[in-house]
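Every chain is numbered from 1 and lettered A, B, ... according to where its sequence line falls, protein lines coming before strand lines. This one's a predicted model, so the numbers in the text were calculated from it and none came from an experiment.
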Protein chains: 2
Amino acid sequence: MHKDTTLSLQALRRLPGYYNYLLELRRRGESSVAAPAIARAMGLNEVQVRKDLAAVSSSPGKPRVGFGVADLIDSIGRCLGYHNSEDAVLVGAGRMGRALLSYGGFEAHGVRIVAAFDEDEQVIGQSEGDHPILSVKRLPDICRRMNIHLGIITVPADRAQEACDLLVEGGVLAIWNFAPIHLQVPQGVLLQNENLPAQLALLARRLGERIAKFGEESAGAEEDLRTPSPEDQGETEPQKAPREEFHHG
Amino acid sequence: MHKDTTLSLQALRRLPGYYNYLLELRRRGESSVAAPAIARAMGLNEVQVRKDLAAVSSSPGKPRVGFGVADLIDSIGRCLGYHNSEDAVLVGAGRMGRALLSYGGFEAHGVRIVAAFDEDEQVIGQSEGDHPILSVKRLPDICRRMNIHLGIITVPADRAQEACDLLVEGGVLAIWNFAPIHLQVPQGVLLQNENLPAQLALLARRLGERIAKFGEESAGAEEDLRTPSPEDQGETEPQKAPREEFHHG
DNA sequence: GATAAATCGATAAAATTTTATCGAACTGAA
DNA sequence: TTCAGTTCGATAAAATTTTATCGATTTATC
């Protein structure tokens, strides 16, 4: 029932948020959930959530009940490719690179990092989180042989173009770039930049706007801010009335 | 001349991309740049870029010449708050946490990480990238005293809600969360989730779509894909005709 | 100088995305 | 069984975002 084409780009970006929330519901033992409940928890519009769910769900929601939690988890996972397995390589086994390598969450999202590359003789031959670290000289060849189309760049900014070129040479068609620099890629190669400092700065900016909007009673003030402002969307989710219960104490 | 209100959310998200590209132009010695050139380099629409630049630029662009590179860098930086300095704390000095701590790019974006917290006695007392790692027990108190409103969560998923609650207790009003879990925050607290695996999965999905669309001639195939498809936007930027020259050797 | 090419700003059209509204369907309680 | 309340799907309106078009302006070239 899921027609790929009906999913807007923005909707796609909301799905991972739903996914995590649904996993939590499942942990709590909930077997079904209504769109309005999800909307409240995530600070989104009811209709929007309902539309998103309708677009991915394999079975329609039941009035007065909602959607099956397990069904939704499966549908969203399927839709986002979490059940596939795409191989990827990582270039740059520095701090960030190794953090990603040791992070176990990628397999659950359908991506398997099969190898890491670096140019530092010190780290070549080591391994991190079960991923071998190889010499960057072997990168293009290995990518070709293993038919890898997905690359991650975690090298310093001044080496990023070089790493990028090696990946392209190896036949990689999609690059996830953590270096804060503009990369040149040939036509047909997808490039997604992950500019972490910029993300944080954006959050700081929004925070600043808020504080400015409601007078600033800094030192030791109690929370006075309310009305999460409906301008939010995307990765950001304010809670409108998330009372439910806290699940950690 | 920059009217904060005229900047759409999507435009805000494009600015960091412009920023990096402009920095590169400055390194190359370019003193001015035209909107269409930026658009080509970033795979965006001319008019869109022109509108974005007009919204932030302090001085109008000159026909036949474009905008001043230095001016734009300053304007965008100002607009994104890169010239401010907002203090932040980080919770969770694991791999990802320490990667962020040792990453020098935050200061340049107007955010200063003043301290990190962890509960592991082994790491408490150490420091990473000049940032002391303190006991998480002291978190709320220190945040209150230092009047910190920005928090970063890099703890494992099953401890994230706990970390979140401590930050809120400390008066933090905006939280950047790396744990792949849905967090409950009170009204008025901004929450931005950074779900790295989900981001990569999204890229993998788009790659899969592409490969499916143009037949799949895997093993050792030359690049045959063309026409970057105009569906792209946001963090993603395909190149339409980036010939210029490569700047790395 | 005059002319051609390219860019700008502005306005408006198109596309996408979000939000509102309606009747129908289902559940649980009287 | 009946009724009240909630949620669903669908349609349509509103808002936002992207793209196209046009005349005006400036620079480079002849």
Worksheet item: When we call it a touch if two heavy atoms are under 4.0 Å apart, what does B:A35 touch: a base, just sugar-phosphate, or nothing?
Response: sugar-phosphate
Fill in: Most 5' of B:P36 and A:R50 on DNA chain C, judged by nearest nucleotide
B:P36
Worksheet item: Within this structure, what is the CE-to-P distance between A:M42 and C:dT19, rounded to whole angstrom?
Response: 14 Å
Worksheet item: To the nearest 0.5 Å, what is the distance between CG (A:L12) and CG (A:L80)?
Response: 6.5 Å
Worksheet entry | Between P of D:dT16 and CG of B:L12, the distance in whole Å | 14 Å
Worksheet item: Quick one: ring-ring contact (aromatic ring centres under 6.0 Å, His included) pairs with a partner in residues 37-82 of chain A, sequence neighbours left out?
Response: A:Y19-A:Y82, A:Y82-A:H109
Item to complete: Decide yes or no for B:L44 and B:M42: does some side-chain heavy atom of the first lie under 4.5 Å from some side-chain heavy atom of the second?
Response: yes
Practice prompt. Counting heavy atoms from C-beta on, name the nucleotide in C:dT7, D:dT17, D:dT19 closest to the side chain of B:A34.
Written response: C:dT7
Practice prompt. Starting at atom CD1 of B:I38, determine the distance to atom P of C:dA6, rounded to an integer number of angstrom.
Written response: 18 Å
Item to complete: For B:Q10 and C:dA15, give me the distance from atom CD to atom C1', rounded to whole Å.
Response: 13 Å
Worksheet entry | Reading 5' to 3' through nucleotides 25-30 of chain C, protein heavy-atom contacts under 4.0 Å coded B for base, S for sugar-phosphate only, - for none | BBB---
Fill in: Value in whole Å for how far the C1' atom of C:dC8 lies from CG of B:L53
11 Å
Worksheet item: For the side chain of B:R210 and the backbone of A:G188, is there at least one donor-acceptor N/O pair under 3.5 Å apart?
Response: yes
Worksheet, complete the sentence: Judged by nearest nucleotide, the residue sitting upstream toward the 5' end of DNA chain C, B:E46 or A:D52, is B:E46
Worksheet item: Can you tell me how far P of D:dA10 sits from CD of A:Q48, to the nearest Å?
Response: 17 Å
Practice prompt. Indicate yes or no for a side-chain donor-acceptor contact from A:T154 to the backbone of A:V91 under 3.5 Å, with no hydrogens or angles considered.
Written response: yes
Discussion item. Do the side chains of A:E46 and A:R50 get close enough for a salt bridge, i.e. N-O under 4.0 angstrom?
Written reply: yes
Worksheet item: Could you give the CZ-to-P distance, from A:R13 to C:dT18, as a whole number of Å?
Response: 10 Å
Practice prompt. Using atom CZ of B:R14 as one end and atom P of D:dT17 as the other, report the distance to the nearest whole Å.
Written response: 9 Å
Worksheet, complete the sentence: Scanning both residues in full, the closest heavy-atom pair of B:N20 with A:N195 reads ND2-ND2, 3.3 Å
Worksheet entry | Residue A:V47, side-chain heavy atoms: nucleotide from C:dC8, D:dG9, C:dT19 that is nearest | C:dT19
